[in-house]
Amino acid sequence: GEDMDYRALMDALVADEARAKLIAGNILEHAQHFSIVITESVRYCHVLAEMVERFARARWGVVPRIAVVHGPISRYKWIVGGTEKNARQLVSADLALAFRRNERLKRWEVNVEQYSDEEFRLWQISNTERKARIEACRAREIDVLFATAQLVQEGLDLPNLCVGHLAMPKRGDAGGSKNGASVEQAIGRLMRPDPRNPKKAAIWFDYVDYNVGVLRSQYYSRRGVYNRLGLIVPGKPKPTEREEIEAFLDTMTW
């Protein structure tokens, strides 16, 4: 399950304005094609969508047709809290609202706020709204679709998609296995033939957080998926000795 350390890392990634500007600018450059932007975070969907809209107004005076889709959201979430002592300290430091022992999973958990009242009100979408937005994409009435990875894995059938942006890191193949199913499924959404565009050529953008050891390791594991699928990818930079040690430590299970 998600723990506080990884959650803090993802919060920092979402708050990185330079990173968001890079992705938003790239999305805008390819907005004339049907595009999908995939993240692990509902908040990042909205951060990027709002930035693309702002950039488009400033540059062109018009905004691409945009839609954001994701599953139901909850204001609060129970996540891994480490030891009982650590869970108590997180609550004492106001980094969590409460703690508990989950006997089924045999772990201590803490309850954290995921969204403010305003975010929860503005970002929650119903099943009807979600289906309507997806249908609008299928009808080619949307230029850029921002979606969470979970929704993509559940089977978006949009053959008109040409450009994909993997905006947040995720693990691909690891340890010589072919277990990068979620990455492969996301790419598969782009590779579906489009009867209305027989010469369709799909493009996949992977944004690599190379200076963060665990995220760099995840990128290398995604390369395993890309190589297995026969995708053309840039040359792999030769890691330094320190990077090799960090990559080794990232594979440990402690």
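Please read all numbers here as calculations on a predicted model, not as lab measurements.
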Handout entry: Between OG on residue Ser41 and NE2 on residue His46, distance to nearest 0.5 Å
Key = 9.0 Å
Practice task
Indicate yes or no: at least one non-hydrogen side-chain atom of Arg189 is less than 4.5 angstrom from one of Leu158.
Solution key: no
Exercise for the section: Give the C-alpha distance, both sets of side-chain angles, the deciding distance and a yes or no for side-chain contact (heavy atoms from CB on, under 4.5 Å) between Glu109 and Asn111. Expected result: CA-CA 7 Å; Glu109 298 176 335; Asn111 193 235; over 6 Å; no
Problem - Taking every non-hydrogen atom, the tightest pair across Leu28 and Pro64 - result: CD1-CG, 3.9 Å
Do any side-chain atoms of residues 83-98 form donor-acceptor pairs under 3.5 angstrom with protein atoms, and if so which ones, sequence neighbours left out?
residue : atom : partner : partner atom : Å
Thr83   : OG1  : Asn86   : N            : 3.1
Glu84   : OE2  : Arg88   : NE           : 3.2
Glu84   : OE2  : Arg88   : NH2          : 2.8
Asn86   : ND2  : Gly81   : O            : 2.8
Ser92   : OG   : Arg88   : O            : 3.0

Exercise for the section: Classify the ring geometry between Phe205 and His165 as parallel (under 30°), tilted (30 to 60°) or perpendicular (over 60°). Expected result: parallel
Practice task
For residues Gly180 and Arg228, report the shortest heavy-atom separation together with the two atoms involved.
Solution key: N-NH2, 4.2 Å
Exercise for the section: Mind checking the CE-CZ spacing from Met168 to Arg19? Nearest 0.5 Å is all I need. Expected result: 7.0 Å
Practice task
Mark yes when over 12 heavy atoms from residues, nucleotides or ligands other than Glu118 sit less than 6.0 Å from its CD; otherwise mark no.
Solution key: no
Practice task
Tell me whether Trp108 is reachable from Leu105 by hopping between hydrophobic residues (I, L, V, M, F, W, Y) whose side-chain heavy atoms are closer than 4.5 Å.
Solution key: no
Handout entry: Under 3.5 Å donor-acceptor, Asn160 side chain and Asp194 backbone
Key = no
Handout entry: Side-chain heavy atoms of Gln185 within contact of Val152, under 4.5 Å
Key = no
Practice task
Using the side-chain contact (heavy atoms from CB on, under 4.5 Å) rule, pick out the option among Val52, Val42, Ile36, Val47 that qualifies with Phe146.
Solution key: Val52
Exercise for the section: Check whether any side-chain heavy atom of His70 lies under 4.5 Å from a side-chain heavy atom of Thr39, and answer yes or no. Expected result: no
Practice task
Quick one: pull up CH2 in Trp204 and CD1 in Ile187 and give me the separation to the nearest 0.5 Å.
Solution key: 5.0 Å
Problem - Residue among Glu129, Arg130, Lys131 satisfying side chain to side chain donor-acceptor pair (under 3.5 Å) with Asn127 - result: Arg130
Exercise for the section: Check for a donor-acceptor pair, side chain of Glu40 on one end and backbone N or O of Ala149 on the other, with a separation under 3.5 Å. Expected result: no
Handout entry: Working for side-chain contact (heavy atoms from CB on, under 4.5 Å), residues Tyr226 and Val183
Key = CA-CA 9 Å; Tyr226 303 155; Val183 176; 3.9 Å; yes
Problem - From Leu166, Val163, Ile27, residue fulfilling side-chain contact (heavy atoms from CB on, under 4.5 Å) relative to Val37 - result: Ile27
Completion exercise
Between Arg222 and Tyr207 the two heavy atoms that sit nearest each other are NH2-O, 4.0 Å
Practice task
Would you check if Pro169 and Met10 make a side-chain contact, meaning some heavy-atom pair closer than 4.5 Å?
Solution key: yes
Handout entry: Atom pair OG (Ser35) and CG (Asp143), whose distance is rounded to the nearest 0.5 Å
Key = 8.0 Å
Handout entry: Pi-cation contact, Tyr210 with Arg216 (under 6.0 Å, within 45°)
Key = yes
Problem - Joint cluster assignment, Val68 & Phe120, ILVMFWY side-chain distance < 4.5 Å - result: no
Handout entry: Considering all heavy atoms, the nearest Ser182-Lys170 contact
Key = OG-CE, 3.0 Å
Handout entry: Sub-4.5 Å side-chain heavy-atom contact between Ile79 and Arg7
Key = yes
Problem - Sub-4.5 Å side-chain heavy-atom contact between Lys200 and Cys162 - result: yes
Handout entry: Atom CE of Met191 with >12 non-hydrogen neighbours under 6.0 angstrom
Key = no
Problem - Verify same cluster id: Leu161, Leu151 (apolar side-chain graph, 4.5 Å) - result: yes
Problem - Separation between CG of Leu190 and CD1 of Ile38, rounded to the nearest 0.5 Å - result: 6.5 Å
Exercise for the section: Calculate, to the nearest 0.5 Å, the distance between atoms OH and CD1 belonging to Tyr44 and Ile23 respectively. Expected result: 4.0 Å
Problem - Electrostatic pair Arg43:Glu119 at N-O distance under 4.0 angstrom - result: yes
Exercise for the section: May I ask you to decide whether Asp173 forms a salt bridge with Lys178, counting only side-chain N to carboxylate O separations under 4.0 Å? Expected result: no
Handout entry: Verify same cluster id: Ile66, Ile142 (apolar side-chain graph, 4.5 Å)
Key = no
Handout entry: Carboxylate-amine/guanidinium proximity below 4.0 Å for Asp206 and Arg223
Key = no
Handout entry: Single-linkage hydrophobic cluster Trp60~Leu48, side-chain heavy atoms < 4.5 angstrom
Key = yes
Exercise for the section: Under the side-chain contact (heavy atoms from CB on, under 4.5 Å) rule, what do Ser217 and Arg171 come out as? Steps first, then yes or no, please. Expected result: CA-CA 8 Å; Ser217 175; Arg171 185 163 294 282; 3.9 Å; yes
Exercise for the section: Check whether any side-chain N or O of Arg138 sits under 3.5 Å from a backbone N or O of Asp157 as a donor-acceptor pair, and report yes or no. Expected result: yes
Practice task
Using a strict cut-off of less than 4.0 Å between a Lys/Arg side-chain nitrogen and an Asp/Glu carboxylate oxygen, indicate whether Lys21 and Glu17 qualify as a salt bridge.
Solution key: yes
Practice task
Name the orientation class of the two ring planes belonging to Trp123 and Tyr115 (parallel below 30°, tilted from 30 to 60°, perpendicular beyond 60°).
Solution key: perpendicular
Practice task
Using the side-chain contact (heavy atoms from CB on, under 4.5 Å) rule, take Asn227 and Val233 through it: C-alpha gap first, then chi angles, then the decisive distance, then the call.
Solution key: CA-CA 8 Å; Asn227 292 331; Val233 295; 4.0 Å; yes
